[in-house]
Amino acid sequence: MAGIGFTLQKLFREDYLSLRVRAYAYASFIAAGPWILSVGSIALINFLLQRLGGVDDAERQLFVVTVSYCFIFSQILSGGWQLSVIRYLADHFYLNRLEVVTPTFTGISRLVLALSAVASVIFFWNSPLPMLYKLGSAAVFMLIGQIWLAMIFLTAAKSYKIISLAFLAGGAVSVGGVLLLLHHPLPFASHGQATNLLLGFGLGIGVTATMLALVLLRSFPAREESNPYGFLHYVDKYPSLLAVGFFYNLGVWMHNLIIWLGPSGVRIERTFTYSPLYDSSVFLANLTIIPSLVLFVVSVETQFYDKYKVFYGYVTNGGTLDMIKRAKTRMTEVLWRELYRVTKIQGILTLFFLIACQALLERLGLQKTMIDIVRMSALGALLGSLMLINILIMLYFEDRKGAAWTAGIYFALITVLTITLLPLGIDYYGFSYFLGGAGAYAWSGLRLLRFLERIEVHTFISQSILYREVRGWFTRLGEKAYRWF
Amino acid sequence: MKIVLLVEGSYPYVSGGVASWIQMLVSSMPEHEFEIVAVSSSRKEVSGYKYKLPGNLTRIHDIFLMDYLELEEGKRPRLTKEEARACLDWFAFREGSEAALPLIGDPSRLGSPIAFMKSEIFWEFLVDSYTKEMPGYSFNAYFWAWRSMYLPAVFLLQQVYPTADLYHSVSTGYAGLIASSLRMKHGTPFLLTEHGVYAREREEEILQSAWVDPPFKKRWIDYFYHLSKGAYRAADRTISLYGGTHRIQRELGVPEERALVIPNGIDYDRLFRLPRETGESGRMIFGALVRLVPIKDIKTLLYAARLACQDIPHMQLWIMGPTDEDPDYYQECLALTRNLGLEGVVTYTGKVPIDEYLPKIDVLILSSISEGQPLAVLEGMAAGVPWICTDVGSCRELLEGRDEHDAGIAGYVVPPVNPEAMARMMIKMEKYPQERLYMGQAGRRRVSSFYRIDQFIEAYRKLYSEVVT
């Protein structure tokens, strides 16, 4: 995510309203990305299937849970690598070494595919579901993972248009496929409807994944001479980036995973456990923070980038201390102003949602407890997204340690609080998400404040004295993998 | 007793003046145990010992200055206000601030060098100095200058050093800095011997160098004077080899009662027995006992040989010394030899056993631009060979005598980097063989009276026991 917003500045210089709208739409893809898409698709599928009728309730549930699992776990498995890969690509773009892109995509794809395959086998080992269904869901699981990976690369290449196109086309094929297979189902021995639904949905996912991969291969030179696992070196070089990626993605989902094991958890087909009540509440609540991420990408990055560039320009290109300090003041002023603006707008929107959701959700027929969970989770989502913004800013200033600590605190707080609050029952659902987000957000805010106060000190002291090659476990793994595969 | 010698950029990795002196000192005092702290620039620049280590030299502790580049952030400072002030006084080159050295050298107090530079108090000090010194100049450049000035020093001070009954540093600079700190920390006596004047040498180097950004030259020069003066104040005795350096040391602040002169000494009894095999008709061999490095200014010697060989038929010039220390310079000398058409005149013998070669040499030449008290000159004098030396270090004192009680000249002194003057003396030497004989005698007499190894060793033996008890 980091660094991509800068190109948007160009987009926004053109004063057309339509252009502006398009850029906002693209920006939401970049910032909120996989996470929003997951939540959105599951909500949409659920809604459509319920409206459509004619689908057996148990079959629908099985299908929806399968897809949720695919989204959640693919994101944890592939999202963790995201920042390391982005940093690797950014550094190589800077050196104009575009030829690493295709091999790197191949490398990370294989890695995540292998991890996903192992995870699928372990997960389905004792499951009574038919083999065909298991294979189908494993395929969807892996394809979704590939989509998240391709998006990292394509946003780096600014192919926003093609990403939207691929999702639209994939969505259309999914809907079409599902409708077609519901009316003319293929004869499966058991779980016929669920398998047909999965198949139809999988077709769309396949279309999206294929389109993204094709565009990717076409946009970058396809010379294969560099090591596809070279990015693993960056895991050794910046282990904190891997930590940020995994802790953040785990933190976002951890409270769901733990609550599944509680009394509200439902187990179906002796395979999937989930909490219909909690999961849909959280999914819904998470959708409320799309504006903040869009606002951050557009407003903070475009406003702030110029000032940021001036500051680092003075630091490295012979500015006097006075110039550096003045640039720092201007930069931090803009940053705080923009952060305040994002917080204010999103805060108002969330507040509005908190008030409105009572009437809105009751009309949709939701229970009181669920509305409470939605409200609490909306606050949790708000704090989580503000925390994510702080993490991204820390990464701009190379405070990787601060970013890793924030993500680690987020994950730890949510895990511990969810476990602690679980025995208190349903009235306390959503509290851990809220409190974890609040704690991590507060910590990140203080860290950022203190870090920026002495940003010039940190910047000078951290200038590495000498380039030192870090070779660790991941680097060696990458080299071995290159030799074997 | 256990004596730790602190040596910078010399023994046992480099052969030549200071290193031979150390080898001589250590092997002549088998009753004491010696350890060496060898400060070198970087791991890459040292290769193999150039000396066979004497049995009483039990350990060599290597310290590599450039290892500071690998420093990590590490521990945070834990200094009281007064302690921090004392440390900053040292960083500000304040007189008498070396009492803070043990504090700077203690990572549990000062913190790691990097963390200390990051600390608020140091950063304020840095910004303050910058604002006073050059507020209109690139802060980044200023910061890097500070970094390369202070990080190595703090890094050195924070290394672990052996304990001893006596620390003996063979220069000021970084070795002297370490010794000063150890003196402050343990109260162990500290002797300082300077062959040249370290701060002066650095000053000349910095003024001529291209790698120091001109606005920072003054600061760097001041820095090395700061190191030297600190060592002068901390040392129990400061020893020079001859009057010239003694006077400069006194000017720079060595108290009179702690300053003394102990000249070099060489193995007179062996060398004076060497026969003179010169005098074959028509043959004239000039020799140079010298490492092939720029400071020895071999090129001036070659130009002088070019001029002299027009007047001296069958002249030979033997350049006797290791060529591997600065291979580029050696190649340059070879090329110059060819360009001057001196292939038939000049021979590069490499390192040779001097006892075999000295008897055949008619006149020895030293063309250095900088020297302390060169052992080679003393050895040549002991063997009865007359000299032509540039007027550097203690050469004039060696060839012409210290005072009126020490009469007789053992050779000619010429200005450095002056091939014509050197060639004139070479021709003069060739013309008057009787003079040469007389000069050889004068040289032998002088060495036997003042520069014998037993005198030199005895002086140090006495000094050691005097400062330790």
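Chain identifiers are assigned alphabetically (A, B, ...) following the order of the sequence lines, protein sequences preceding nucleic acid strands; residue numbering begins at 1 within each chain. No experiment lies behind these values; they were computed from the predicted model shown.
B:S138 and A:G318 get closest at one heavy-atom pair: OG-CA, 3.2 Å. Minimum interatomic distance between B:F143 and A:F460 (heavy atoms only, all atoms of both residues): CE2-O, 3.4 Å.
Annotation for B:Q159: atom CD counts as buried by contact number, over 12 foreign heavy atoms lying within 6.0 Å. Shown here is A:W405, whose CH2 atom has no more than 12 heavy atoms of other residues, nucleotides or ligands within 6.0 Å. Within 6.0 Å of the CZ atom in A:R454, the count of heavy atoms belonging to other residues, nucleotides or ligands exceeds 12. For B:K217, the NZ atom is densely surrounded, since the number of other residues' heavy atoms within 6.0 Å is greater than 12. Heavy atoms from other residues, nucleotides or ligands lying under 6.0 Å from CZ of B:R78 number 12 at most.
Considering CG of A:L321 and CG of B:N140, their distance stands at 11.0 Å, rounded to 0.5 Å. Distance check, rounded to the nearest 0.5 Å: NE2 of A:H458 to NZ of B:K118 gives 5.5 Å.
At a threshold of 4.5 Å between non-hydrogen side-chain atoms, the residues A:K325 and B:V127 count as touching.
A:T320 pairs in a side chain to side chain contact (heavy atoms under 4.5 Å, CB included) with only one of the listed residues (B:Y142, B:F139, B:Y130), which is B:Y130.
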